[in-house]
Amino acid sequence: MAKKIRTVTGDIHPDDLGKTMIHEHVIMDLSHVRQDDDPVLSDSEAMRTELERLKAAGCGGIVEVTNRGMGRDVKALSALSERHNLPIVAATGYYKQSYYPEEVKAKREEDIVELFVAELTEGIEGTGVRAGIIAEIGSSYNEMTEDEKKVFRAAGRAQKMTGAPLSTHCELGTLGSEQVQLFAEMDVDPAKISIGHQDLNGDRDEYERLLQAGVYIQFDTIGKNNYRPEAERLSDLLYLLDRGYVGQLMLSCDVTKQSYLKVNGGFGYEYLFTRFIPLLLENGVSEREVTTMMVDNPRRFLSF
Ligand SMILES: [Zn+2]
């Protein structure tokens, strides 16, 4: 059977995915953990305008990595996807220790495997909408807790059973090597793994170790210049492109707050298209390389 990309509105041919943001949040509610309304993204007037602008800027696909315990709402994602005619891939998974819902502690590894596989193959919470990626599977800052190890192992097993893509969260860019090591010990296909938030890492030796292992890495906090200055993020990406790793790099902004929306005065999802890609081109990156990172790599990674 030909490989497809599993979106919230059904399976699509890989060619039907355009320039894709590999790690985003569009519908999310983290107010229960953060005690604050800023990390609440909903299908609001502001979001409608934001997505119209994003589409006009050239976006042709979103990987929405909000998972269990993060206020995921796949029905709302389907409505958004249809309204904006924009493919959206939804996620199954658990985020990281400080955000885990109660159920993570109680579940055994095999229960979690079963849950992830069911959300990928049958549907999420009775909606019939299926997840198309196992994400964002996270470790804590320079530490992988016992519960996180359990979730990582379950994610690896669910990947092997389904062939689905799997992407991770590295807290401030840390522990990518440990994540890759864990998956390698389980014999998970590195071509179906993408390691997140690597633009916050900055260790070029570690970048090369990860890339040599065959996984993708994500520069996915583009626009969050308070986390890391743009010039540094850009310099690392240009370095990796010079070294010939274009086929293993994917980009995104990881918008997580209302205050990041363009309509609210933030950088907005469109920043990748209106600011960062032009900056790459000005710095000698070719249109072909941009297409590889934004189109070819997501199509290959997301297909199963
Ligand atoms: Zn995220």
Side-chain angles (χ1 to χ4, degrees), residues 22-23 63 65 67 91 93-100 104 109 112-113 116 133-160 163-222 224 227-229 232-252 254 292-293 297-298 300-302:
I22 204 68
H23 182 119
V63 178
V65 296
N67 57 31
Y94 291 112
Y95 180 27
K96 61 179 179 182
Q97 189 77 50
S98 53
Y99 285 82
Y100 283 158
V104 174
E109 183 180 318
I112 299 175
V113 175
F116 290 173
I133 188 168
I134 307 162
E136 59 177 308
I137 305 299
S139 45
S140 299
Y141 183 63
N142 276 323
E143 183 198 3
M144 197 184 283
T145 68
E146 286 307 311
D147 284 339
E148 286 167 351
K149 284 180 192 160
K150 176 170 72 175
V151 172
F152 266 85
R153 283 192 301 265
R157 285 170 61 182
Q159 193 293 320
K160 290 175 72 162
L166 192 176
S167 83
T168 73
H169 162 97
C170 288
E171 185 80 2
L172 298 177
T174 62
L175 293 199
S177 296
E178 286 75 3
Q179 295 180 0
V180 167
Q181 177 68 25
L182 184 148
F183 290 133
E185 281 164 11
M186 298 178 67
D187 211 17
V188 179
D189 179 3
K192 300 314 287 180
I193 296 171
S194 189
I195 304 298
H197 307 329
Q198 287 307 295
D199 47 343
L200 298 178
N201 180 332
D203 178 343
R204 292 182 176 181
D205 293 334
E206 182 164 36
Y207 288 151
E208 299 229 28
R209 280 200 300 278
L210 300 179
L211 292 162
Q212 294 285 333
V215 300
Y216 293 89
I217 68 174
Q218 296 172 186
F219 273 48
D220 57 14
T221 66
I222 291 167
K224 290 185 169 173
Y227 280 64
R228 194 169 184 223
E232 292 182 15
R233 185 180 268 114
L234 175 67
S235 165
D236 279 344
L237 186 57
L238 294 175
Y239 170 80
L240 293 173
L241 289 170
D242 267 351
R243 302 277 291 163
Y245 292 115
V246 66
Q248 290 169 265
L249 301 167
M250 295 188 283
L251 310 178
S252 213
D254 193 21
T292 300
M293 291 187 285
N297 296 346
R300 188 184 329 107
F301 171 60
L302 295 170

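FYI, side chains are in, hydrogens and waters are out, and symmetry mates aren't considered; it's all heavy atoms of this structure.
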Report all side-chain donor-acceptor pairs from residues 180-191 shorter than 3.5 Å, counting only partners two or more places apart or in another chain.
| from | atom 1 | to | atom 2 | distance (Å) |
| --- | --- | --- | --- | --- |
| Gln181 | NE2 | Glu185 | OE2 | 2.9 |
| Asp189 | OD1 | Ala191 | N | 3.0 |

Scan side-chain atoms only and decide if [X] and [Y] contain a donor-acceptor pair under the 3.5 Å cut-off.
X: Ser139; Y: Glu178; value: no
X: Tyr239; Y: Glu208; value: yes
X: Ser140; Y: Glu148; value: yes

Residues in side-chain contact (heavy atoms from CB on, under 4.5 Å) contact with Ala135, at least two apart in sequence or another chain: Val65, Ala91, Ile133, Ser167

All side-chain contact (heavy atoms from CB on, under 4.5 Å) counterparts of Thr292, not counting sequence neighbours: Val246, Arg288, Asp296, Asn297

Please list, chain by chain and in numerical order, all residues satisfying side-chain hydrogen bond (donor to acceptor under 3.5 Å, both in side chains) with [X], sequence neighbours excluded.
X: Asp147; result: Gln97, Lys105
X: Ser235; result: Arg204
X: Asn67; result: none

Backbone N/O of Leu200 and side chain of Lys224: donor-acceptor pair under 3.5 Å: no

So which atom in [X] and which in [Y] form the shortest heavy-atom distance, rounded to 0.1 Å?
X: Arg233; Y: Arg228; value: NH1-O, 3.1 Å
X: Asp220; Y: Gln218; value: OD2-NE2, 2.7 Å
X: Ile22; Y: Val63; value: O-CB, 3.3 Å
X: Ile134; Y: Gln159; value: CD1-N, 3.6 Å
X: Leu211; Y: Val215; value: CD2-O, 3.9 Å
X: Leu249; Y: Tyr216; value: N-CD2, 4.4 Å

Spatial distance of atom [atom1] ([X]) from atom [atom2] ([Y]) [nearest 0.5 Å]:
X: Asn201; Y: Ser177; atom1: CG; atom2: OG; answer: 8.0 Å
X: Phe152; Y: Leu166; atom1: CZ; atom2: CG; answer: 8.0 Å
X: Cys170; Y: Ile137; atom1: SG; atom2: CD1; answer: 12.0 Å
X: Thr174; Y: Gln198; atom1: OG1; atom2: CD; answer: 9.0 Å
X: Ile222; Y: Ser252; atom1: CD1; atom2: OG; answer: 7.5 Å
X: Ile195; Y: Glu206; atom1: CD1; atom2: CD; answer: 9.5 Å

Derivation of the side-chain contact (heavy atoms from CB on, under 4.5 Å) call for Met144 and Gln179: CA-CA 9 Å; Met144 197 184 283; Gln179 295 180 0; 3.9 Å; yes

Val151 vs Tyr95 side-chain heavy atoms within contact, under 4.5 Å: no

His169 and His197 aromatic ring geometry - parallel, tilted or perpendicular at 30°/60° bounds: perpendicular

Stepwise side-chain contact (heavy atoms from CB on, under 4.5 Å) check, Tyr245 with Gln212: CA-CA 9 Å; Tyr245 292 115; Gln212 294 285 333; 2.8 Å; yes

